Structures are given as structure tokens and as C-alpha cells.
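Worksheet: one structure, shown below.
Lettering follows sequence order; numbering is per chain, from 1. Everything numeric here is computed off the predicted structure, so don't read it as measured data.
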Amino acid sequence: MSHEAVRVDPDMEYLTPGVVDLEQMFWTGLGATYTHCNQVWPNLYIGDKKTALEKPGLVEMGVTHIINAAEGTWNNVSTEMIHSLFLVNPSGDIFLEKHWKSVVSRSVCDYFLEAREKALDPEDVPPVISTPHHYLISIYRDKLFFLSVIQTEVPPLFVIEFLHRVAEMIQDYFGECSETVIKDNVVMVYELLEEMLDNGFPLATESNVLKEMIRPPTILRSVVNTLTGSSNVGDKLPTGQLSTIPWRRAGVKYTNNEAYFDVVEEIDAILDRTGTTVFAEIQGVVEACVKLSGMPDLTLSFMNPRLLDDVSFHPCVRYKRWESERVLSFIPPDGNFTLMTYHVNAQNLVAIPVYVKHSINFFESGSGGRLDLTVGPKQTMGKTVEGVLVTVHMPKTVLSVSLNATQGSYTYDNATKVLVWDIGKLNPQKLPNLRGSLSLQTGAPKPEENPSLNIDLKIQQLAISGLKVNRLDMFGEKYKPFKGVKYITKAGKFQVRM
Amino acid sequence: MLSMSTNNSSYNDQGGADSAVEIGQETTPTSNSGAGFGLFSTDFKKNDDLKEMLENNKESLKLEAMKRIVGLIAKGKNASELFPAVVKNVASKNIELKKLVYVYLVRYAEEQQDLALLSISTFQRALKDPNQLIRASALRVLSSIRVPIIIPIMMLAIKEAASDMSPYVRKTSAHAIQKLYSLDPDQKEHLIEVIEKLLKDKSTLVAGSVVMAFEEVCPERIDLIHKNYRKLCNLLVDVEEWGQVVIISMLTRYARTQFTSPWREDGVFDENSERAFYESDEEKTRDDTEIKPYTMDPDHRLLLRNTKPLLQSRNTAVVMSVAQLYWHLAPRNEVSIVTKSLVRLLRSHREVQYIVLQNIATMSIQRKGMFEPYMKSFYVRSTDATHIKSLKLEILTNLANEANISTILREFQTYVKSQDKQFAAGTIQAIGRCATNISEVTDTCLNGLVLLLSNRDETVVAESVVVIKKLLQAQPSQHSDIIKHMAKLLDNITVSMARASILWLIGEYCERVPKIAPDVLRKMAKSFTSEEDIVKLQTVNLAAKLYLTNSKQTKLLTQYILNLGKYDQNYDIRDRTRFIRQLIVPNEKSGALSKYARRILLAPKPAPVLESAYKDRDRYQLGTLSHTINTKASGYLELSDWPAVAPDQSVRNVEVIEPVKEWAPSLGKTGKSKPAKSSDDKFYSDSGEEEEDEKGSGTSSSNDGSSSSSAGLSLCLCVPPPGPVCVSGPAFVPEKSHNLLHRMTGKGLAAQYQFTRQPCLYQPNMVSVQISLTNTSDHRLEQIHIGERSPAGLKIHCFNTIGESHCFSTLDDTKEDQFSVSIQPAVGDLFLAVTMTEQDFRKEQGKLQGMNECSATITVTAENTSSQPLNRRVAAMANVGVVPSGQDNVHRFAGKTACSGAVLLVTVELRESSAAVITINTEKSVMGSMLLRDLKKSLAQA
């Protein structure tokens, strides 16, 4: 409930003051405190626009009709793109709120919490919810909801993208994005939010810029701060805000100059029950960790850039150079960043590194079934497949499983009906196998459909698409940096239908 | 309530306790009810110690207190009673403390207007601070304080900030415009003036924010954009990503009012209409002569070309906004270039997928071909969220055509088996839609659906029945066996919707199944009382229809059912029964209507149209909130239709713009072979030459073969270490550039240099010099670099070798040339502006007496006696910062030498009768006296 009304006892003797008295009160302001809503007579309230707009509050008070007696030019036109932000934990508690203009009552979140109650899974909560006076746009990330309140037309992706940036920034500053971490650093989070948005419009979202304004916490600095009373807040305008290179801070100095690039490729695939590929594609990302002094100007070239079908870049990459020469030319931000993401041309056949032999049967009698899974390497280009993890979402009626794994271990969560088999490294000589029986709820009908398998895996030192970095050149600085490239292939959304 | 009112005191206590709890736990800012205040004690105590801490002299305690207060605010608790204690700290020197006080002020000023006014003077002072960060943050906070009394002050501050030298401050002023507008819309006219001024700004930093302000305050004043249109298009690539979104959406609206439609009215490019291909040639030629050939406005093309690279942005909102721009503005055959990027976004977070899929769903209805090659990207995974699944299904259905339907149906078969029953039901509906849209597969689909009728899951069966019903209604002729099959199923199906549908089907086509229908009615009569309402209604309908067609067999049954219905608990059923009875059973009371009973009940009914839920979403602009929620959101601006005739194109013409002065050119961004003329507006982008040719505003390119092209680059001169003084941005950047190499001496290569007065990128103790090279010859110049002739003690951070300086005609004759040039900086350019307080200034001045001081008395011209022009003249002469001065007649400036960091102090003291004393204190006495000479000359000049 947002605005507690001031109650007046109906049985108390009360005389309406005369004009002179009223005037007196008006000028001296004796005892009258400003509240948004007063109950002036049993079930009769006088309130302001704010109260009138908050429907849940009105319902709670039992208001059925509103008479508008407002006049004047102090019209509150809300123009900002993002009005307020609420952080909500999985149990539905709001543990942080930030308003960029007038305060919006928490009760707007009720619409969201209602939708969350209805959804079976937090993922199923609709990202955009429309309420009578506001629009709620939320993201679900790291087990937290970031809920923003909007009042006017705005591109929804604009808000969603911003909320993800907030989450990334918290992750970047504190190492993880969780309720505990945010609660522990609430003041700094608040200061960050203040810098990231002005009047509902993003101001500084670049990590390099923010870190110059508000220094991230380190153990050493917090000790120093408590001793000296100095602060985390920078007093100079970050140079990045003003230069043509807003993503890089000035005056970077390292004793060891290093630049590392990780080419990470993910295979997204759907295999049908016979093992045929229904759909497969490769998505890649080049993650960079650049620790170079000064203002290095880097050029990264590939042996086979033709493989890349669609790319997206960090703002630092010069698009025209890519268009004309197919090289990445850029002045890097300091630290970790995602240089580019790419999609490999779908016409090229995608090598599927593993195969799965599977059979799952449910007995006609309806009391049980059998499961038999074998995983083996397929097109691995001679590398070892590691970190293999098979996840099966069992039908609702499967009560328990009793299986035997020749390699690795398995767990079955009866609440979520998820079977996880952690295999680890794949040995081509001795294929891992998981077999055993399933027991079903008694009396339940035989499950109609078979579950699907999700596979997770990792192959070191291999980019499955065959993409290779040719060379990295540095201009603009005199020193010799240490350079390194690493390739990893992972399974993305890799699904086998049984 | 009643029981409480019998006992006054207990009621009051109760109320008081309630509010105390309320305050203790959630404390809304407004719940300071009188009764609650007394019982505030626990919380009151806590806040009391905060108050003490704030009033303490120790900074650390104050800071601690403010941190706790901000923590309270973040939790949504009330801390408003601390306002007087907090506001005192607004002028604190500690930056962190100050920032936290700002946070507090912005939150509570609206509630405590009188007290908030106490802080205003602090901000007014800060608005004049030499540090741009302080000016900007003062404006930010000032404009966020929602107190109507200070509107005039805000207005003034905004106007001043809009012409501030720092682009960062100007950006803040653009944000403040919106805040003031929301506080007082009456200021609109004045604010538009500021917007107009800021729109002319050439800084990429300001562009996004001012367009944002434009969109909020005066989106209807499209005339303000004309002159800035080309500039905005050209700056776009280098504007920060959030600004890009705003500018693109504004330019979309602009283009729809200013250009003519690139879509041919006869739909030649519309792939869905095949008329163009089958048209007789004769007809076509006639059409062509009638329609004036369409030529795209070059400005329209400019917009499309300059937004295209942004499809590669990592920001999903930018990609989406470019996609919608192409959808609404590009010729039909070009729209498909956005497909790939949109499909890429599907790899992003679930929320992004949701929005993008919605937009693709709308697009795919009109333009199947755009997404068909990427059909497999819309295959559903079992791990997708429910709303993602249904959107993918929607798109797959939209994409279905004769060629791919078998693939899609095979995929659908997997989905039907999904554990997510809601999704399975959606799939069945999708199959139904495919069946109606593509006549070739109708039978296959029907058979498939009939098979599903024996599924174990009720939802699946029910949905199949409903869809089959719709399909049969479309073509009932030859499907009596399906109806028979469904009649048999009636015994097993328990979902009421499905039962009702079967009953309706049998009733509707009872003449096709004359034997079964009465039997079904008999069974239903038996179970009537235990059925759901919807089934009962359909049973009554079935009875009525059978009574009309086969009264011999069913008369008694019908009577029985109507009797049951008459006493049903549900009034709908009672009403229906009464109505039907009157209609079908002729008696003396029933009027003329019963004659028509057969025609009423058994009228042929139109088949339901199975179509996409996204069918009419295209009335909203893509990518908007309104499109997502499918209702008009407040503040949504309609996209206007193309004008039939283009408005005057010349309004967008602008004179050649002066080069930007505020920014240090960066070596990195300088592409090779950049035309000189474009360096003003394209400096930051990597735009190559081919763009330049098509730019409307006349460039001198390729007239007489002696076309020019040049390269901008910067090099830095350096000598050892800097001092620890706070360097601020330059107060003034001279526009004058000096000749380094004349084109005659340089054999066609001309070079000019200019001091940018920007802190150097490479080393803080270097001075940036911007050199522009222009190739005025008619041959190619290659391998331009700086030789190693630098004098001792001078370090040059050179640019890399420039591969070639391009020109249009190529004559290959290789020759090596060397030119000796020298750069002669004015002494004032070797300083860096420094900010310091008056106190520090005096302290420094005290250290630099005697030898280190030189002074002169001059007669200044009348106009230089006021502070503004005087400051400007000094700043033009030397890169020094203004030191705030307590005396009106004394002006102080501070700087330091770039190389050694030695402090330089300039004092100008105005005396009577336009006399003035210039005093310069610096340990670099040579530089001091040189500067003194320059200043004397400059200030004495008219």
C-alpha cells in the first residue's frame, strides 16, 4: 500500500474551521503535514494525482469513484525513457529500487509479481507487461529480475539492452551478479545507476568510462579507504567521455604488455532420433583480453575470413576496413571485451563432434521403462572431447531412475524431472554407457512422447569451423606486446530428439 | 469498524500501532500521520544517530552516514526527515560525499521545497566552475530538482550550458531540456530555441541527446531538422549507441514526410503479387510511360547508406532500429539485407528474442521470401520459453508455402509430441492454418489431425477436434467418415470444448450422418444433467436441428432434452431452451418465426478464417512498444504516409561547414586517403572516398584532373616529465592553421598544421599538432612519412607511413622527394590549461617572485575592459585556464608547460582609464617574456 491515509474518527466531534481560521492555518502551516491522500470523512478521501493513478492502492482503500478537481498548469508530463528500476529476487521481494524522476510506488510491481506467480518457470514471465498507467519491461538474469517502469512509447529493445548492460556492469564490478553482492555494495550500485542513466536516457554505459568515474572495489583499496577516508569516486571527467575513443581510458600503463584472443565457437544443432542433422550452425565469438599501454592500434587478420557469413562488432572496430579488406582494425578498450561475434555460413556442412545411441522404452503396463544411452566421438578432427554432460528432461510421470553408468556419474532431480549425466572426457576406445530402468507413477498412462537430450561438451584448441587467426599487428606504440590466440569449441544449444 | 468505534481509545491505539509498523517496515515517504509520529521511537533513534553523524565535523563519519542514508533510499525507505541535516553538506569538498548528497537531494527536493532552495546557490556557483565535470553535474542535479520556483534559474542555466565550451556540458543541457519541459510545458517556446541551437552542434556527444530532447519537446517541428539532416546522417556511425537508436527513429519519421515512396504503386517489386510477370508486354510499356520513373532523392539514399553499417552493431536496439528503418523506408528489393542481422539477434537473451521474433512475425506475413532461407533458425527447442515457442510457431506458419510445407509439417509432428501441452495445442492450430492456406496439404493435415484424436492427452485431442471442426466447415463435402469417427470418440473425450465441437459438427452435418446423429442425441440425453454448460447448449442445438430434419426419430428425445433444459440451473440454458422450443415446436403462440426455423438453424455458415494474430500489427511502426503490446502506447507517434509529391529538397542544403574544433583528431580513426573537404563532418567515421562522391554538397572533386585529397593526422612533440597539476580542457581552440609546406615547394603535396590544444593521446607531456596533407597534384603520392631529422631533445611521436595519398588519375612514375619543414608554435600553444583555486594561485604566485616575474603596463582598448572579451583574448593567445577571482578588476589565468609541467600564472589587473598591468609568473622566464609580448599585442588591439 503506497499512501497511508490519515484517518479521521467519525465519532469525534469536529467543527469545520471558519475562513479566518483556515487562512491562519494556511499561512502558519500549523500541524498540517503534506500527504498524498487524506481520509476526510469515513470512506471519503482527498488525494493527489499520484494517488489517483495507482489503481492497486485505490482498490485497497475501497475507492470506487474519483472526482477530478484539479486545475492549473503544473502538468506532470513524463518524458523519460526509463522511469524507475526495481530489482526483484526469486521469492518476489523487491530489494532495490531506483527512481530517475518522481517516485513510482512499489505497488506497480504487483502486476509483475502476479504474472510471475502465474508462470511455471521464471523464464516464462512475459518481458513486457502492460498495466493501466505504466508498462513494465523486465529481464530475468542470474536468478534476478530487473524490472523497469516505463510510461511512454520507447523501443522495448532499448530498455532490454540497457537492463542487460546494468547486469553486466554489476558482474564486471563485483565479479558476480547476485542479491547478496548487490546488497553488500548497495551504495556503489546506486552510484553506478546514477551515472548510467540521466533523465531515463543512458549516459555512460562503457565499462572503461564508468571505472574511471567510480573505481571498482578491490581489497587493497577498501583497506586504504577506511584508513584515509578517501573515496572510490573519481573527481575528473574520464577522458573517454570526451575523446573520439569513448571506450578506452587514457594513460594506460602496464609493465607486461599482453593481448590475448579467445576464439570460442558454439555448435547449435538439432539432431533427430535417427541421428540425422535437422539443423546445425556455428556461432562464434572472439573474446579479447588486451592489456597494452598507451594507445595501441591493432589489426587482426584471419586466414580464411570468407567463412564468416554475418558479423557484429564492438564499436571500436572500423567497419569500412572490414568491408574492404576483411581485417579487424581497432583501438581496443582496456581489459576484457567481446571483439566480435560471427556466424559461419550455413551452406558449409557443420561437423558434429559426437553421436548418441539411445533407446528409451516404457512398458505397456505403465509401471516402468528402460533407458540406454551411449555417447561416442564422431567428427572431432583428432582432438579430445571433454566436459561432456548429458541432460534429459524426463516425462512428468517418471518417479525414479535406477541406472548404471560405465563412466562419470548421474543425478536425477525428482522435482524438476531432470536427469544429468556428467561424463567428462570421451574415450574413443571405451565408450561411456548409461543404462537401467525407470519407474513410473503407478496408474499413470504410458508417456506419449520421448524426452529430448541436451548435450554439453568442450573441445580445446579447435575451432570447428576451421577459422584461423593469421596475425596480429600493432601500430602506434613502440614496445613489443606478447600475443596469444586460443581456440575452443563448445556445444551451444545442442539437442538430440529421442 | 463498528466494534472499534465503540471504544475510541482502542481504535486510536490500533491505528497508531498500525502506522508504526508501516513506518518501521516499509516507511513510505508520505505516511507521517500524526498518530504514527509518537510511536516512531525505534526508527527515530536510528535516524537520530545519523543526524549526529552528519553534523559531526569528521568527513568519514558524514560519509558513513550518507552511505547508510542512500542504502535506506535504495530499499525504498523514508529518510526525508534528515533533509535539513543532509542539505548542509551540499557544498562539501569531498566529492563522494557531495555525490551522495546530490542523490539524496534529487530524491527528496520535491517534498521539501523550501529547504531545497537553500542548496540552489551552491549549484549556481558550481555552474561557473572551471571544471567541466562540476559544471555538468551541477546542471544535472539542478535540473533534477523538481521545484517550480526555480524554473527561471533552470532556464537560464540551460541556456548558458548550451553554449558551453565543453561538449559534455552541452550534452547535459540537452538532457536538462527534457526535465524542465516535463516540469513546466509552458517553457516550450524558449526550450525550442535552445534545441535549435544545440541541433547545430557538431559534436557526436551532443547529437543523440539533443535529438532525444527534440523528440520529447517538439517532434512536430520537423523544419528544425532540414538543415541538420545531412550532418546527422554523417555523424550517425560515430554517435554513441543509445543516441543512434533515437536519431534513427527520428530520421525514419522525417524521411516519411520528406521523400516520395520508393515502392512502386503497381507492386512491381512486390513478390507476393505475380501480376507483373504475367502482364502482357504491351500493357507494361504503357504503364511505364504513364508513371514517371522514380528516382530516389540523394538524401534518402544517404540515410539508407549511412545506417547500413549499424546492422553490425553489438547493440540489439540499434540493429532493430536500422531494420525498422529499412522496412519503412527502403525500396522493397533492398529490405532483405536486414534479415541476416535480425536472425543473428535470435542468439541473444530471451527477452531480445521475444521482441525480435514479434517483429519478424509481422514482417513475415508480408514478405515470406525475406525469412524463408532462414526457416530452420525458427525451429523450436524444448528449452525455449513458452512465449518464444509460440512466436516461432507463428513465424513457421507464416513462412509455410507449397515448397516447404512438407518440411514444416514434419517438424510440427515433433512439436505435437512435446511435453508442453500448451505448445502442442498451439502446434495443432498452426497445422490447421497451414491446411487452410495451402490447399495441396489440406487432406494430409486432416488425416494427421484425425490420427491425433486417439492421442492420450486430452488437450491435444480437444484442440484437434476444434481445428478439425474449423477445417471441415471450410469443405464439408466429402468428410462424413471423419464425422463418424468423431462421433465414436464422444464416449471417450472429456474436454468440454471438444465435446461441444463434436456435437456442433454432428448437428450441422446431420444429414450426412443420418443414422448416427439420433443415436448421439440419445446418448447425450442420458448424460445431459452431468454435462458442462457449453456441452448442454450444443446438445440443445443438436436436438433442435435433428428435430427439424428427422423429427420422426427424434421428436421424443428432443422434448425430453428441452424439458431438462427448462429446469436447468443455468439461466443461459433455460433461455436457450425456451427460445428453441418456441422456434421449432409450432403452437398457436409462436409467431411467424417458426416458419423460418429451418432456414435460421440450418443456414450455411461462413467458414472461420484461420489467420495470423499478427495480421494487423503492421499498423504500428516496427520495433516500438506499441507494436509489442499491440495497442497504442501513450506518446506513440504515427508514421505518416509518403507524400505524393516531395517537398522542397533544397531546404536541406547547407553551406560548407567549418571544421570541428573541439576534438583532438585521433591517429587511429584516420583512414587513409580522406578527402579534405569531408574531414569536417566525417572525421570519425572510416568513410572512404566513394561516399564522398555522392554527397550532395558540392565538393571540388574531379573537375579538372587536379583533384585533391588529403590526410589528417596528428603527431605529438614531447620533452620529459609532467608536474602534478590538474589539467583541464582547453578554454579556447584557435582555428588558425599554419602553412607547413606550400604546394609549390612540396611538388603538389601541401601540408598545414594546427594546434589542437588537446591532451595528447600518447603521452601527457606532448603537445598535439594536427597536420593536414593535401595532394594537389595529378599523380599518386606514396609512402609519406616523417624522416629522422628531428633536432636533439625533441621527441616526435609520428604517424605511421601513409600508404598512398590518393588521386583520381594515375601516372606511374616513381620518384623520391624529401622536404625539410619546421613547425613554429606560438608560445601560448605549448601550455596546458590548468584549474586551481584563487588561494592556490596566490600560493604559487608567492613562490614565483623576483626573477620569475615579469610585468608590463599597457593601454587596453575599451572593449577589453569587461571580463568576457578579456578572457577570450587571453585564451586565444595561450592555452590557459581561468582562475575564479574575487575581485572584479583582477583576472587570473593558470597553465603549465606541456613538457616540464612548470606552472605559469597570468594576472591582468585593470586600472583606471583603460590602463592594465599584465603580470606573468613562471620559472621558464624566456617563455614568460615571449608570452608577455604576445599578450601585450593582443590586448592592445582593437
Side-chain angles (χ1 to χ4, degrees), chain A residues 2-4 6-7 11 33 35-36 73 75 77 79 96-97 123-124 126-128 130 139 152-158 160-161 186-187 190 194 198-199 201-202 229 231 233 235 237 241-242 244-245 270 279 283 294-295 297 310 312-314 318-320 331 343 445 448-449 452 475 493 495, chain B residues 5 15 22 30-33 59-60 67 70-71 74 76 95-96 99 133 168 175 178-179 182 185-186 212 216 242 245 309 312 314-317 320 340 344 347 351-352 354-355 376 379 381-382 385-387 417 456 623 625 628-629 633-636 663 666 668-669 684 686 688 761-762 800:
Chain A
S2 57
H3 313 310
E4 178 82 354
V6 177
R7 280 169 201 264
D11 290 345
T33 45
T35 57
H36 289 273
T73 54
N75 188 2
V77 198
T79 56
L96 187 131
E97 62 182 75
E123 294 262 312
D124 287 342
V128 181
S130 171
I139 63 162
T152 51
E153 172 63 53
V154 60
L157 273 185
F158 188 94
I160 289 169
E161 179 82 28
V186 70
V187 174
Y190 217 73
E194 188 78 29
D198 182 23
N199 195 41
F201 188 76
S231 71
V233 178
D235 54 350
L237 185 65
Q241 276 288 59
L242 285 177
T244 49
I245 311 167
I270 302 176
F279 164 72
Q283 306 279 352
M295 270 296 160
D297 194 333
D310 179 47
S312 83
F313 300 121
H314 188 276
R318 299 184 181 99
Y319 179 70
K320 284 283 166 190
I331 295 179
H343 175 255
E448 191 68 29
E449 71 294 310
S452 57
F475 306 100
K493 295 169 180 168
Q495 202 166 79
Chain B
S5 58
E22 173 82 18
T30 53
S31 53
N32 299 342
S33 62
E59 291 265 297
S60 55
K67 280 187 174 168
V70 169
I95 295 259
E96 185 165 24
K99 273 200 169 169
L133 180 64
Y168 183 68
H175 288 198
Q178 302 161 58
K179 299 186 209 168
S182 79
D186 287 351
M212 182 74 209
E216 299 290 1
W242 310 105
V245 178
Q312 254 62 49
R314 63 164 174 176
N315 188 320
T316 56
M320 188 67 229
K340 223 186 247 180
R344 182 183 72 232
R347 287 274 302 172
E351 298 84 7
V352 175
Y354 174 69
I355 304 290
K376 288 189 171 173
Y379 280 7
R381 293 158 203 281
S382 58
T386 315
H387 46 260
K417 290 184 205 143
R456 242 172 271 219
L625 181 61
T628 297
I629 57 177
S634 67
Y636 173 75
W663 301 62
S666 64
K669 275 278 183 177
Y684 314 102
D686 312 291
L761 287 176
Y762 300 101
N800 303 314

Check the pair B/K179, A/D198 against side-chain contact (heavy atoms from CB on, under 4.5 Å), reporting the backbone distance first and the verdict last. CA-CA 10 Å; B/K179 299 186 209 168; A/D198 182 23; 3.0 Å; yes
Test log, rule side-chain contact (heavy atoms from CB on, under 4.5 Å), inputs A/L157 and B/V245: CA-CA 10 Å; A/L157 273 185; B/V245 178; over 6 Å; no
Run B/I355 and A/I160 through side-chain contact (heavy atoms from CB on, under 4.5 Å) and show every step you take. CA-CA 9 Å; B/I355 304 290; A/I160 289 169; 3.6 Å; yes
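For B/Y354, the part lying under 4.5 angstrom from a heavy atom of chain A is the side chain only. In this structure, the portions of A/F313 lying under 4.5 Å from any heavy atom of chain B include both its backbone and its side chain. With a threshold of 4.5 angstrom between heavy atoms, B/T628 approaches chain A through side-chain atoms but not through N, CA, C or O.
Of all the listed residues (B/S634, B/A385, B/G635), the one sharing the greatest number of non-hydrogen pairs under 4.5 Å with chain A is B/S634. Between chain B and the options A/I139, A/V187, A/L96, A/V186, heavy-atom pairs under 4.5 Å are most frequent for A/I139.
Shown here for B/Y379 and A/F279, the closest heavy-atom pair between the two residues is CD2-CB, 4.3 Å. Taking every heavy atom of both residues into account, B/G623 and A/P156 meet most closely at O-CD, 3.2 Å. Here the closest heavy-atom approach between residue B/E351 and residue A/P127 is recorded as CG-CB, 4.0 Å. Taking both residues in full, the closest heavy atoms of B/A633 and A/E153 are given as CB-OE1, 3.8 Å, listed atom of the first, atom of the second, then distance.
We find that B/K340 and A/D310 are not joined by a salt bridge, their nearest charged nitrogen and carboxylate oxygen being 4.0 Å or further apart.
A distance-only check finds no donor-acceptor pair linking the side chain of B/R381 to the backbone of A/Q495 [under 3.5 Å].
For the pair B/R344 and A/S312, the minimum side-chain heavy-atom distance is below 4.5 Å.
For the atom pair NE2 of B/H387 and CD of A/E123, the computed distance is 8.0 Å after rounding to the nearest 0.5 Å.
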